[in-house]
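Computation of the quantities below employed the complete heavy-atom set of this structure, encompassing side-chain atoms and omitting hydrogens, waters and symmetry-equivalent molecules.
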Amino acid sequence: MENNSGHIKIAGKIRMADYDYRLPEEKIARYPLPERSLSKLLLWKKGQISSLNFDQIPEILPEGTLLVFNNTKVVRARLKFQKETGAQIEIFCLKPHQPIDYQMAFAETKSVEWKCIIGNAKKWKSGQLKKTIEIQNQKSNVVAELLSKEGGDALIRLNWDGGFNFSEIIENAGTIPIPPYLNRESEESDNTRYQTVYARMKGSVAAPTAGLHFTNAILEKLRNKGINTEEITLHVGAGTFQPVKSETIASHPMHSETVSIPLSFLKKLKSHKKKVIAVGTTSVRSLESLYWLGIQIHFERNQIREFHVSQWEAYENKNTLSTNEAIQKVISYLEDHELKEIHFTTQIIIVPGYEFKIIDGMFTNFHQPKSTLLLLIAAFLGNDWQKVYDFALKNNFRFLSYGDSNLYLK
């Protein structure tokens, strides 16, 4: 083990066995509650834990709070084909390759290339798969071609006719990719309930589940109380479900996800003087990545070819700025280049020992044992994460994506 590497020193001490807990099957919520806002809310505030109802949050959050939502939308990313032999092949679209921009990919009307995972891959080693779908009483012939394989991923070209855009194709040909731990096929209800009410930007293959509890009525109450609500975009990848198989987190490769944050939001964030609360771990990772982008722009501006926050950058980078200075660096970069948004990818991993730069609190659901998301929670709560999860298990909280909500406030 390399003792001269900052991240190895920190992460090498983090044993995944210390972030384990027993999660009985009956505690996992297989389906959402009939109403989004009927979920329970576990409130952790300065070390004190209490149980409330989610619809009480307008009474809990102080006036002037800035709530940051991830407005990504889950796409029907699972496409099922049948070979002439009868073999069923599933193509799970992960992220666009050509065009690489999400909005451009969904607007294409003839052909796209996507990085995918192939289900039953041993039955499809080459050639094309075909299926016919119906859109608005018209038929479209969809053809999938396997271009290459690398590790567990594949590069797939999808062609179709009929003049439809790819958004229409995937919406009619695919199914919503609900989490594997639900141990069931997706159902019609998942098409709406595995989306937030504010989902707008297509691209995720998993929902930012902390936002599933919010309703339009609750959002209206929050705004009427003087709570500021803002949106950013992180397209959630399948890597969010990737288990940590190594004994320590040091050996775990974190997945990369695409983020877009508007200049108008950055200006609001810089001038905001009260609490900043992220809705979901995806919003946490996006916001915290902003600080490290500011560091890059200030100290490495002439070397940057594309904006990317690497897995261990927060632990290896010894350069510092104040939070406001870092945000201003990103603002200035966008203004200098006459850009309205910052686009970047992030692999940031937030583990115990991380010093939060931007957020003062977060909404989140309960996460799987020995997961990177549980480490993020432990980074914020310290050892209290165990008290929080023990309390939830003893008080009949519902766990994971369709489960109950948490609000953590420093």
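- Open room surrounds CZ on Arg22; 12 or fewer heavy atoms of other groups in view lie less than 6.0 Å from it.
- Sorted by first and then second residue, the pairs that involve residues 170-182 and meet side chain to side chain donor-acceptor pair (under 3.5 Å), not counting sequence neighbours, are Arg76-Glu171, Tyr181-Ser401.
- Side-chain atoms of Tyr291 come within 3.5 Å of backbone N or O of Leu321 as a donor-acceptor pair.
- In this structure a side-chain-to-backbone donor-acceptor pair under 3.5 Å is present from Glu168 to Asn165.
- Looking at residues two or more places apart in sequence or on another chain, you find a side-chain contact (heavy atoms from CB on, under 4.5 Å) between Gln82 and Gln88.
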Requested in this report: Show your reasoning for whether side chain to side chain contact (heavy atoms under 4.5 Å, CB included) applies to Glu231 and Arg200.
Outcome: CA-CA 10 Å; Glu231 296 179 1; Arg200 293 191 301 110; 3.0 Å; yes
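- Panel note: side chain Gln311, backbone Ile349; no donor-acceptor pair is recorded below 3.5 Å.
- Applying the salt bridge (Lys or Arg N to Asp or Glu O under 4.0 Å) definition to pairs two or more places apart or across chains, none involves residues 202-213.
- When every heavy atom of Ala278 is checked against every heavy atom of Leu287, the shortest pair comes out as CB-CD1, 4.1 Å.
- Nearest heavy atoms, Tyr194 versus Ala206: OH-CA, 3.6 Å.
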Atom pairs and distances, donor-acceptor, side-chain atoms in residues 261-271, under 3.5 Å, two or more places apart:
unit_1	atom_1	unit_2	atom_2	d
Lys267	NZ	Glu335	OE2	3.2
Lys268	NZ	Glu230	OE2	2.9
Ser271	OG	Lys267	O	3.2
Ser271	OG	Lys268	O	3.2

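- Within the 3.5 Å criterion, the main-chain N or O of Tyr333 finds no donor-acceptor partner in the side chain of Asp336.
- Residues forming a side chain to side chain donor-acceptor pair (under 3.5 Å) with Glu188 (at least two apart in sequence, or on another chain): Asn191.
- With a 6.0 Å radius and a threshold of 12 heavy atoms from other residues, nucleotides or ligands, Lys115 has its NZ atom at or below the threshold.
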Under 3.5 Å, side-chain donor or acceptor atoms of residues 369-381 against the rest of the protein: list the pairs with distances, not counting sequence neighbours.
unit_1	atom_1	unit_2	atom_2	d
Ser371	OG	Gln368	O	2.7
Ser371	OG	Leu374	N	3.1

Query raised in the report: Thr209 and Leu400: side chain to side chain contact (heavy atoms under 4.5 Å, CB included), yes or no, with the steps?
Result: CA-CA 9 Å; Thr209 55; Leu400 307 185; over 6 Å; no
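- For Lys329 (side chain) and His298 (main-chain N/O), no donor-acceptor pair under 3.5 Å exists by modelled atom type.
- Other residues, nucleotides and ligands place more than 12 heavy atoms under 6.0 Å from the NZ atom of Lys410.
- Remark: the backbone N or O of Thr85 is not paired with any side-chain donor or acceptor of Lys123 at under 3.5 angstrom.
- A donor-acceptor pair is defined here as one N or O able to donate and one able to accept, closer than 3.5 Å; no such pair exists between the side chain of Glu257 and the backbone of Val236.
- For the side-chain contact (heavy atoms from CB on, under 4.5 Å) test, residues two or more places apart in sequence or in another chain that qualify with Lys131 are Phe81, Ile133, Val142.
- Counted within 6.0 Å of CG on Leu147, heavy atoms from surrounding residues, nucleotides or ligands total more than 12; the atom is thus considered enclosed.
- A donor and an acceptor atom, one from each side chain of Ser246 and Ser251, are nowhere located under 3.5 Å apart.
- In terms of modelled atom types and a separation under 3.5 Å, the side chain of Ser204 and the main chain of Ala207 share no donor-acceptor contact.
- The CZ atom of Arg285 lies 13.0 Å from the CG atom of Leu290; values are rounded to the nearest 0.5 Å.
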Requested in this report: Please test Ile91 against Trp124 for side chain to side chain contact (heavy atoms under 4.5 Å, CB included), starting from the C-alpha separation and ending with a verdict.
Outcome: CA-CA 11 Å; Ile91 295 175; Trp124 186 39; 3.9 Å; yes
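- No more than 12 heavy atoms of other residues, nucleotides or ligands sit less than 6.0 Å from atom NZ of Lys130.
- Proximity of a side-chain donor or acceptor of Trp160 to a complementary backbone N or O of Thr109 within less than 3.5 Å is detected.
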Requested in this report: In sequence, state the C-alpha distance, the side-chain angles, and the governing distance for Glu108 and Lys110, and then conclude on salt bridge (Lys or Arg N to Asp or Glu O under 4.0 Å).
Outcome: CA-CA 6 Å; Glu108 283 291 321; Lys110 290 183 179 178; over 6 Å; no
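- Residue pairs meeting the salt bridge (Lys or Arg N to Asp or Glu O under 4.0 Å) criterion with at least one partner in residues 26-39, sequence neighbours excluded, are Glu25-Arg30.
- For the residue pair Ser51 and Asn395, no side-chain donor N or O sits within less than 3.5 Å of a side-chain acceptor on the partner.
- Residues that satisfy the side chain to side chain donor-acceptor pair (under 3.5 Å) test with Gln98, not counting sequence neighbours, are absent from this structure.
- Applying the salt bridge (charged side-chain N to carboxylate O under 4.0 Å, His left out) test to Arg223 and every residue at least two apart in sequence or in another chain returns nothing.
- For residues 54-63, there are no side chain to side chain donor-acceptor pair (under 3.5 Å) pairs, not counting sequence neighbours.
- Aromatic rings from Phe397 and Phe399 are positioned such that their centres are separated by 6.0 Å or more.
- No side-chain N or O of Asn317 forms a donor-acceptor pair with one of Trp292 less than 3.5 Å apart.
- Ring pair Tyr198/Phe214 is perpendicular by interplanar angle, where above 60° counts as perpendicular and below 30° as parallel.
- Within the model, atoms CG of Leu212 and CG of Leu33 stand 11.5 Å from one another, a figure rounded to the nearest 0.5 Å.
- Listed for the Asp360 side chain is a donor-acceptor partner under 3.5 Å among the backbone atoms of Val276.
- When all heavy atoms are compared, the tightest approach of Asn365 to Tyr389 is O-OH, 4.2 Å.
- Listed by first then second residue, pairs satisfying salt bridge (Lys or Arg N to Asp or Glu O under 4.0 Å) with a partner in residues 150-167 read Glu113-Arg157, Glu145-Arg157, not counting sequence neighbours.
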Report task. List the steps, then state whether side chain to side chain contact (heavy atoms under 4.5 Å, CB included) holds for Tyr31 with Arg184. Result -> CA-CA 10 Å; Tyr31 292 89; Arg184 63 175 176 84; 3.4 Å; yes
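- Closest approach of Ala154 to Ile118, counting heavy atoms only: CB-CD1, 3.6 Å.
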